[in-house]
Amino acid sequence: MEEYLLVCKVLKPVGLKGQLKVYSYTSFKNSRYKKGNKLFYKENDSYKELVVFSHATKEGNLDLLTFLNYEDINLISPLLGKELYALKDEKILKKDEFYFSDLMDCKVIDEDNNELGIVEKVEEFPAQITLKISKKPAKTHFFVPFNDFFIKNIDIKNKVITIHLIEGLTD
């Protein structure tokens, strides 16, 4: 079964020739938005294909995209507000790399093997990437900066992340 990864969200049209401003979630913009690559949007229970025609980076996570056969503002209106996806492609990753979506639902433990919770979300803030952890057994949350000081080991195969726990981190 094919797995889709969220790449961006369509925000608004730019001009009359089908250009769209999107908010990008991907760390692989150059490969995802390469001319001729395919992106998909969900309609009902199926995915519809779009072929990238052009890409330009605007600023930060904002990008401009056009799609083949959608070079008119009237043709892109059904895409407004839609999330766009790409097929998950392991070939993009280097050894010991993974997609943020692979971190979802991983068990989080400290260096003494105490279970702390489950990864609920990976949040990308301007300063850094952060893991939102849902605590066990209480339904509260805490956040862990995604850096070498806190993240000691990631075992994607067994879905376990080991963190360095400091005082006050889980409060």
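Residue numbers run from 1 in the order of the sequence given.
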Before giving the answer on side-chain contact (heavy atoms from CB on, under 4.5 Å), spell out for F40 and V7 the whole-Å C-alpha distance, their side-chain angles and the decisive distance to 0.1 Å. CA-CA 9 Å; F40 302 85; V7 173; over 6 Å; no
Do N74 and D72 meet the criterion of a side-chain donor-acceptor pair at a distance under 3.5 Å? yes
Main-chain N/O of Y25 paired with K29 side-chain donor or acceptor, under 3.5 Å: no
When rounded to the nearest 0.5 Å, the distance separating NZ of K48 from NZ of K42 is 12.5 Å
Using every non-hydrogen atom in the two residues, find where Q19 and I76 come nearest and quote the distance to one decimal. O-CD1, 3.9 Å
State plainly whether one hydrophobic cluster holds both L131 and I129, where clusters connect Ile, Leu, Val, Met, Phe, Trp and Tyr through side-chain heavy atoms under 4.5 angstrom apart. yes
Hey, does the side chain of K38 reach the backbone of V52 with a donor-acceptor pair shorter than 3.5 angstrom? no
Evaluate whether atom CG of D148 has more than 12 neighbouring non-hydrogen atoms of other residues, nucleotides or ligands under 6.0 angstrom away. no
On the ring face of F53, is K35 found with NZ or CZ under 6.0 Å from the centre and within 45° of the axis? yes
Between NZ on residue K132 and CD1 on residue I118, distance to nearest 0.5 Å: 14.5 Å
Quick one: pull up CD1 in I163 and OG1 in T170 and give me the separation to the nearest 0.5 Å. 8.0 Å
Nearest non-hydrogen partners of C8 and S24, listed with the distance: CB-CA, 3.9 Å
Looking at side-chain heavy atoms only, is the closest gap between I151 and I161 below 4.5 Å? yes
Result for side-chain contact (heavy atoms from CB on, under 4.5 Å) between V22 and one of L65, L11, L79 points to L65
Rounded to the nearest 0.5 Å, how far does CG of L39 lie from CZ of R32? 8.5 Å
Do V10 and L84 make a side-chain contact, defined as non-hydrogen atoms from C-beta onward lying under 4.5 Å apart? yes
Counting heavy atoms not belonging to K152, are there more than 12 under 6.0 Å from its NZ? yes
With a 6.0 Å cut-off on ring centres, are Y47 and Y41 close enough? no
Heavy atoms, side chains only, cut-off 4.5 Å: are V160 and C106 in contact? no
Step by step, would you call F143 with L169 a side-chain contact (heavy atoms from CB on, under 4.5 Å)? CA-CA 7 Å; F143 295 87; L169 185 66; over 6 Å; no
Is it the case that the side chain of N37 and the backbone of S31 share a donor-acceptor pair, with hydrogens and angles ignored and the cut-off at 3.5 Å? yes
Show your working on side-chain contact (heavy atoms from CB on, under 4.5 Å) between V119 and V144 and close with a plain yes or no. CA-CA 10 Å; V119 176; V144 177; over 6 Å; no
Give the C-alpha distance, both sets of side-chain angles, the deciding distance and a yes or no for salt bridge (Lys or Arg N to Asp or Glu O under 4.0 Å) between K9 and E83. CA-CA 4 Å; K9 181 173 183 167; E83 292 179 327; 5.4 Å; no
Just verifying a value: how many Å separate T162 OG1 and N114 CG, rounded to the nearest 0.5 Å? 11.0 Å
Between L68 and Y70, is there a shared hydrophobic cluster once you connect ILVMFWY residues whose side-chain heavy atoms come closer than 4.5 Å? no
Just wondering, do F142 and K135 contact through their side chains at under 4.5 Å, heavy atoms? yes
Residue pair L20 / T66, side-chain heavy-atom distance below 4.5 Å: no
Examine distances only and state if a side-chain atom of D110 and a backbone atom of D112 form a donor-acceptor pair shorter than 3.5 Å. yes
Separation of K12 NZ from Y23 OH (nearest 0.5 Å): 15.5 Å
Side-chain donor/acceptor of N147 to backbone N/O of F149, under 3.5 Å: yes
Is the side chain of E71 donor-acceptor paired with the backbone N or O of N69 at a distance under 3.5 Å, no angle test? yes
Decide side-chain contact (heavy atoms from CB on, under 4.5 Å) for L87 and Y4; before the verdict, give the C-alpha distance in whole Å, the side-chain angles of both, and the deciding distance to 0.1 Å. CA-CA 5 Å; L87 287 173; Y4 293 88; 3.5 Å; yes
Shared ILVMFWY cluster between L80 and V14, side chains joined below 4.5 angstrom? no
Under the criterion side-chain contact (heavy atoms from CB on, under 4.5 Å), which of T57, D63, L64 is the partner of Y33? D63
Enclosure of I166 CD1 (heavy-atom neighbours >12, cutoff 6.0 Å): yes
